[in-house]
Amino acid sequence: MSIKLYISLFFLLFCSSIPAYSQQADELFSQARKAAFEQKQYTQAKQLAKKAIQKSPKDYDIRIFLGRLYSWENQADSARREFEWVIQQNPDFEDAYVAYAQVEFWNHEVEKALALSNRGLTKFPQSIELGILKSKFLSSQKKWSEADQVISLVLKNHPDHAEARAWANRIRENSAANRIGLTYTFISFDKQFEDPWHLTSLEYSRQTGIGPMIGRFNYANRFNGNGVQYELDVYPRLSNIFSAYISAGYSANLGVFPQSRSGISIYANLPKSYEAEAGLRYLFFGHNSWIYTASLGKYYRSFWFNVRTYLSPASGQIGQSFAFTSRYYLGGKDDFISLGLNTGLSPDEQRNLVLINASNYKLQSNGISLSYRKSIQTLHVLNVRASWTSQEYQKDTQGRMIELGLGYIRRF
């Protein structure tokens, strides 16, 4: 047999073995993923991933997966070795920077995590994952303004990305140290009252070490009387997942306002751009009113959807109200159109506070609202709102009311 024939046979056998090795590596990788994600057998998954790497040493996806397995089992040094190897072999592999930065952040090495995200963004400036991670790292250091700039850039390039939208809204209230806001609401009735209502609120918000604090002064002219109310809201951050809402209010003008009100809620930022809330509201009109609330929200592309309920036990029955709210974001976090549908009385609406438990009979209410919010040069925010409500003010007696509102916020 000639030398040329030997060489030809050798190359034929060698080349035919490459797909076989690759196929074996892919099969082992698939088994490793199944062991990790479906069976939660991380030790077995690592063994399978190592065998796959032996078959295909240059498969960067398997290396990254093995590094993630190490990180999930708190073997940070082993994870770092895998990620470093991939970056040295292929500096243009985006997932390596993402996974490596996450490991450093989980191990409280925020500066290293930031450095890795910056390295990755220099190579992949349009990266959604690296942009979101960088904004989270900056948020953990309470660098809210910088975090806001990063996530705003992500949204500018990818306006339909739900996770980026959700994260942008979570840091919105923290992006400026101070905020003042002024709102005015006009409410007109066709039957229930001859004179319209006027509600005005002036508030000041300050970013603190525990979270935003808001002081609010409310003025109302209704029932042919004037009244003022003082409120304080605090939004303490409990962790990267949980935050809280604590509120208290007082008025000496019982009737125009409840004498006292308070509220508490726990918020959770859930996977897949979901968010949830559960809480309690308290009102005192000369007698106690306790109201329970829960809500579930979801970001989807440029939309936000939220469903909320209020349950108020009183007089042997439970009053119920439900509200559905949707937003369509036109650009940044302060640019959207909102549509609301509601049935029942919401205690978080100033116009309803004096109607909660106004009688032993649970008043019925159905309404629709539309609002538009627009930011101007980031620091100025305008909001307009209109709603129509069919309100039962006595048993089996309904009236209509129209609400028009205008608001302005200045961040600084």
Side-chain angles (χ1 to χ4, degrees), residues 11 13-137 140 161-164 167 240-241 269-274:
F11 276 106
L13 291 171
F14 176 77
C15 293
S16 64
S17 69
I18 294 176
Y21 272 100
S22 178
Q23 185 176 3
Q24 291 174 20
D26 289 342
E27 178 62 28
L28 288 167
F29 187 24
S30 178
Q31 293 176 13
R33 290 174 60 85
K34 182 178 180 180
F37 298 133
E38 297 181 17
Q39 303 169 359
K40 309 299 180 185
Q41 298 292 329
Y42 298 126
T43 300
Q44 180 184 358
K46 285 188 292 185
Q47 293 172 351
L48 290 167
K50 290 176 182 178
K51 290 181 180 179
I53 289 173
Q54 290 177 353
K55 300 292 185 182
S56 183
K58 294 281 188 176
D59 193 315
Y60 304 124
D61 287 318
I62 302 177
R63 291 272 187 180
I64 296 298
F65 175 70
L66 178 59
R68 290 189 183 277
L69 289 172
Y70 282 130
S71 65
W72 296 341
E73 293 204 309
N74 298 318
Q75 296 175 292
D77 289 339
S78 297
R80 291 183 179 106
R81 281 196 296 271
E82 298 299 332
F83 301 144
E84 283 282 7
W85 187 91
V86 172
I87 290 174
Q88 290 174 4
Q89 295 293 316
N90 185 3
D92 294 324
F93 200 76
E94 181 181 348
D95 282 352
Y97 297 98
V98 172
Y100 201 171
Q102 287 175 327
V103 165
E104 297 297 359
F105 182 65
W106 294 337
N107 286 274
H108 310 291
E109 298 287 351
V110 182
E111 290 297 337
K112 292 181 179 179
L114 265 173
L116 284 162
S117 64
N118 284 328
R119 283 175 61 188
L121 285 167
T122 58
K123 293 183 175 294
F124 309 98
Q126 299 287 322
S127 173
I128 298 173
E129 281 194 273
L130 287 169
I132 293 175
L133 284 176
K134 182 177 179 179
S135 72
K136 290 182 178 181
F137 301 156
S140 72
H161 197 273
E163 185 182 356
W167 186 250
N240 289 330
I241 297 176
N269 299 320
L270 304 176
K272 299 186 182 299
S273 304
Y274 281 95

Problem set entry | Donor-acceptor pair, side chain of N90 and main chain of V86, under 3.5 angstrom | no
For this session: Using modelled atom types only, decide if a donor and an acceptor are shared between the side chain of Y97 and the backbone of P91 within a distance under 3.5 Å.
Result: yes
Minimum side-chain heavy-atom gap [X]-[Y] below 4.5 Å:
X    : Y    : result
E104 : R80  : yes
F93  : I64  : yes
H161 : I132 : yes
R81  : W85  : no

For this session: Just jot down the salt bridge (charged side-chain N to carboxylate O under 4.0 Å, His left out) partners of K34, sequence neighbours excluded, or say none.
Result: none
Exercise. Counting heavy atoms not belonging to Q102, are there more than 12 under 6.0 Å from its CD?
Worked result: yes
Problem set entry | Option from K46, Q41, K40 for which side chain to side chain contact (heavy atoms under 4.5 Å, CB included) with Q44 holds | Q41
For this session: Give the ring-plane orientation class for F65 versus W72, where under 30° counts as parallel, over 60° as perpendicular and anything between as tilted.
Result: perpendicular
Exercise. Distance only, no hydrogens: is a donor on one side chain within 3.5 Å (strictly under) of an acceptor on the other, for S71 and R68?
Worked result: no
Problem set entry | Step-by-step side chain to side chain contact (heavy atoms under 4.5 Å, CB included) determination, V98 to L130 | CA-CA 6 Å; V98 172; L130 287 169; 3.7 Å; yes
